[in-house]
Amino acid sequence: MTSIPTRVTLDQRRAVARTLGLPMALLRDVRIHATEGVTATLLVRDREGRTITHGDGPLTTTVHIPNGDEQEVSSDATA
């Protein structure tokens with residue numbers, strides 16, 4: 001039987017960001033869908049590295065990373 005953790009550590013969150021190639025400092029939200037892939041929300045920064053605000057909060061952008069075939073992912077990693 002698989003044990004479900006009660007918490008996710010900072011190291012685990014960093015590993016997810018690193019695996020997806022997303023900067024942890026900009027990451028606001030990550031959602032993993034079993035059949036559709038990953039959707040991540042990131043903060044938007046200006047050229048000087050400051051978070052841009054919009055209305056009452058930070059400006060964000062959403063990216064979608066679709067699921068890929070295992071072979072496709074393997075061949076991309078070796079390229």
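Basis for what follows: all heavy atoms, side chains included, without hydrogens, waters or symmetry-related copies. Small disclaimer: the values here were computed from a predicted structure and weren't measured.
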Starting from V63, can I reach V30 by hopping between I/L/V/M/F/W/Y residues whose side chains sit under 4.5 Å apart?
yes

Of all residues at least two apart in sequence or in a different chain, which pass the side-chain contact (heavy atoms from CB on, under 4.5 Å) check with D56?
none

Minimal non-hydrogen separation, E36 against N67, with atom names:
N-ND2, 3.7 Å

If we only count heavy atoms from C-beta on, is the R31 to D29 side-chain gap below 4.5 Å?
yes

If you count heavy atoms of other groups shown closer than 6.0 angstrom to CZ of R28, is the number above 12?
no

What are the two closest non-hydrogen atoms of T51 and P58, and how far apart are they?
CG2-CB, 3.7 Å

Does a salt bridge link D11 with R13, judged by any charged N lying under 4.0 Å from a carboxylate O?
no

Residues A40 and L22: closest non-hydrogen pair is CB-CD1, 3.6 Å

Please enumerate all residues that pass side-chain hydrogen bond (donor to acceptor under 3.5 Å, both in side chains) together with T39, with sequence neighbours excluded.
H64

Under a 4.5 Å cut-off applied to non-hydrogen side-chain atoms, are R45 and L26 in contact?
yes

Where do L43 and A25 come nearest, in terms of heavy atoms and distance?
CD1-O, 4.1 Å

How many angstroms lie between CG in D46 and OG1 in T53, if you round to the nearest 0.5 Å?
10.0 Å

Per the side-chain contact (heavy atoms from CB on, under 4.5 Å) rule, which among L27, V38, I32 passes with L20?
V38

